[in-house]
Amino acid sequence: MLLTYRPLLKTPSGLEYLLLAQGTMLSVQGEGAAAGRVRQAYASAAFMQRADPDSAFAPLSLSQKGGLCSALFSGQGGGLLREFLKRAPPAAQYAAGRRAGRALRALHSLPLEEAELKLAEKHQAGFMEKLASYLGSMPHFRRDQVSLDALSERYDHFKCWKKVRRYGQLRDDRILVRADSTVALLPSASCAPGDACEDFALLECQCAGLYPLCCAGIIDGYFQGAIPPAFWVSFALQSAFYSLWRLGRMAQSSRRAFVIMQSEHERVCADFEDFKKPVPSWYRAESVKKARQAANAKGL
């Protein structure tokens, strides 16, 4: 049988995501060192399918032949959220984010076993070692003292806000928007126990600069009501950490990458007003209020 396919994306680690059979099946494949990540993506799909089958892909098979490891999933595909957001009006951007936030909440709501709770704590405790690697071996950003001060002054509060099975890839090129406007989370090779705010910190670093309306929708869809003050504090601290270690790691690849990541670091700091305020400025913006009102009025 001849199957047609449409490439979705290829990750820096070498994973290829392909839509098959008129978009009703998904393949994730990788060679050599990426094989372990394929298996992890396959395992993540089972959790996401259990949490919210309408926003997930169901794992079907996992195989390794020669140097290629591949995983097959069933589920309705779509286009990358990134492409949708480039063209969608403000209310639709916000609404797409809100749907993704609900799917993330479902995943985070899955209970963890005792061993997984300990893994989440261990993962959080390892952040100080990662911060030390930024200080010791990565190129330093200008004005990085702003983020460093935010972490040192609130170190006692830099703990897991909520131990969950984090998605690990909450970004605009890991979420699909279908023809009926529903969303689907792609299987994640980074899905593992950790703090819920890590997912939001990645969102801050990867998406908030371009798509604040969608990011605000994700937060609103996740909480579906009052947002605990403790979340905002933890979100800000995780964002301060990500602005150093994660962006610093990405900055190492080239001079051009460093210039781009320097700009992103400065944006993250500005979003939190040099971490003097825990709620980012884009969430408080008038444009978000208008998009929220418009989406509600249209029933999106």
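Because only heavy atoms are used, hydrogens play no part in the values below, and waters and symmetry mates are left out as well, while side chains stay in. The structure displayed is predicted, hence computed values, not measured ones.
- Contact check for D54 versus T182: no side-chain heavy atoms found under the 4.5 Å cut-off.
- With no hydrogens or angles considered, no side-chain donor-acceptor pair links Q238 and E198 at under 3.5 Å.
- For the pair L131/L148, a side-chain contact is recorded, criterion being any heavy-atom separation below 4.5 Å from C-beta on.
- Taking hydrophobic clusters as Ile, Leu, Val, Met, Phe, Trp and Tyr residues chained together by side-chain heavy-atom distances below 4.5 Å, V268 shares a cluster with W282.
- Using a 4.5 Å cut-off on side-chain heavy atoms (C-beta onward), D172 and L203 make no contact.
- Atom CD of Q29 and atom OG of S63 lie 9.5 Å apart (nearest 0.5 Å).
- With hydrogens and angles ignored, the 3.5 Å screen pairs a side-chain donor or acceptor of R166 with a backbone N or O of S190.
- Counted within 6.0 Å of CD on Q22, heavy atoms from surrounding residues, nucleotides or ligands total 12 or fewer; the atom is thus considered open.
- Across all non-hydrogen atoms, the minimal contact from V288 to A216 is CG1-CB, 3.6 Å.
- In this structure, the side chain of E129 does not engage the main chain of G126 through any donor-acceptor pair within 3.5 Å.
- L300 and L104 are not part of a single hydrophobic cluster, where members link through side-chain heavy atoms under 4.5 Å apart.
- Of the possible polar contacts, one joining the R178 side chain to the Q76 backbone as a donor-acceptor pair under 3.5 Å is found.
- One hydrophobic cluster, built from ILVMFWY side chains closer than 4.5 Å, holds both L210 and V177.
- Residue pairs meeting the salt bridge (charged side-chain N to carboxylate O under 4.0 Å, His left out) criterion with at least one member in residues 184-196: none, sequence neighbours excluded.
- The CD1 atom of I175 lies 5.0 Å from the CD1 atom of I218; values are rounded to the nearest 0.5 Å.
- Annotation: side chain of D173 is in contact with side chain of R171 (closest heavy-atom distance under 4.5 Å).
- When atom types are taken as modelled, the side chain of Q262 and the backbone of R142 share a donor-acceptor pair closer than 3.5 angstrom.
- When side chains are defined from C-beta on, L107 does not count as touching D52, because their heavy atoms never get closer than 4.5 Å.
- Smallest separation of non-hydrogen atoms from L176 and G77: CD1-CA, 4.0 Å.
- Using a 4.5 Å heavy-atom cutoff, the side chains of M25 and F57 are not in contact.
- Closest approach of D199 and Q169 over heavy atoms only: OD1-N, 4.3 Å.
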List the steps and the verdict of side-chain contact (heavy atoms from CB on, under 4.5 Å) for F127 and L151. CA-CA 11 Å; F127 284 178; L151 292 167; over 6 Å; no
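- If you take CD on Q93 and OG on S287, they are separated by 9.5 Å, rounding to the nearest 0.5 Å.
- Between R87 and E83, the shortest heavy-atom contact is NH1-O, 2.9 Å.
- Between Y17 and F73, the distance from one ring center to the other does not fall under 6.0 angstrom.
- At a threshold of 4.5 Å between side-chain heavy atoms, the hydrophobic network of Ile, Leu, Val, Met, Phe, Trp and Tyr places V279 and V233 in two separate groups.
- Although no hydrogens or angles enter the test, the distance criterion places a donor-acceptor pair under 3.5 Å between the side chain of R99 and the main chain of S181.
- Listed for the Q224 side chain is a donor-acceptor partner under 3.5 Å among the backbone atoms of G221.
- Between Q124 and K163 the shortest side-chain heavy-atom distance does not fall below 4.5 Å.
- Of all heavy-atom pairs between R165 and C191, the closest is CG-SG, 3.5 Å.
- For the atom pair I260 CD1 and R256 CZ, the distance stands at 4.0 Å (nearest 0.5 Å).
- In this structure, the side chain of D274 does not engage the main chain of K276 through any donor-acceptor pair within 3.5 Å.
- Checked against the 6.0 Å centroid threshold, Y167 and H108 do not count as a close aromatic pair.
- Shown here are the ring-ring contact (aromatic ring centres under 6.0 Å, His included) partners of W245, two or more places apart in sequence or in another chain: F241.
- Around atom CZ of R284, more than 12 heavy atoms belonging to other residues, nucleotides or ligands sit under 6.0 Å away.
- Among residues two or more places apart in sequence or in another chain, the ring-ring contact (aromatic ring centres under 6.0 Å, His included) test is passed with Y211 by none.
- Aromatic ring pairs are classed by plane angle as parallel below 30°, tilted from 30° to 60° and perpendicular above 60°; the pair F275 and F272 is parallel.
- Summarising the geometry, atom CD belonging to E266 is positioned 6.0 Å from atom OG belonging to S263; distances are rounded to the nearest 0.5 Å.
- Residue L8 comes nearest to G78 through the heavy atom pair CD2-O, 4.0 Å, listed as atom of the first residue, atom of the second, then distance.
- Under the 4.5 Å side-chain heavy-atom criterion for Ile, Leu, Val, Met, Phe, Trp and Tyr, L170 and L213 are members of distinct hydrophobic clusters.
- Once rounded to the nearest 0.5 Å, the distance linking CG of L60 with CG of L72 reads 5.0 Å.
- Side-chain atoms of H265 never come within 3.5 Å of backbone atoms of L244 as a donor-acceptor pair (strictly under, hydrogens ignored).
- Think of L119 as one node in a network of Ile, Leu, Val, Met, Phe, Trp and Tyr side chains linked at under 4.5 Å; it has no links at all.
- Among residues two or more places apart in sequence or in another chain, the ring-ring contact (aromatic ring centres under 6.0 Å, His included) test is passed with Y242 by none.
- Using a distance-only test at 3.5 Å, with no hydrogens or angles considered, no donor-acceptor pair links the side chain of S234 to the main chain of A230.
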Walk me through it: do T11 and R174 pass the test side-chain contact (heavy atoms from CB on, under 4.5 Å)? CA-CA 10 Å; T11 70; R174 300 294 191 272; 3.5 Å; yes
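- The closest side-chain heavy-atom distance from L62 to C69 is below 4.5 Å.
- Electrostatic pairing of R267 and E264 counts as a salt bridge here, judged by a charged N lying under 4.0 Å from a carboxylate O.
- Each of F223, Y283, Y222 was compared with F231 under the ring-ring contact (aromatic ring centres under 6.0 Å, His included) criterion, and only F223 meets it.
- Remark: Y94 pairs with no residue by the ring-ring contact (aromatic ring centres under 6.0 Å, His included) rule, at least two apart or across chains.
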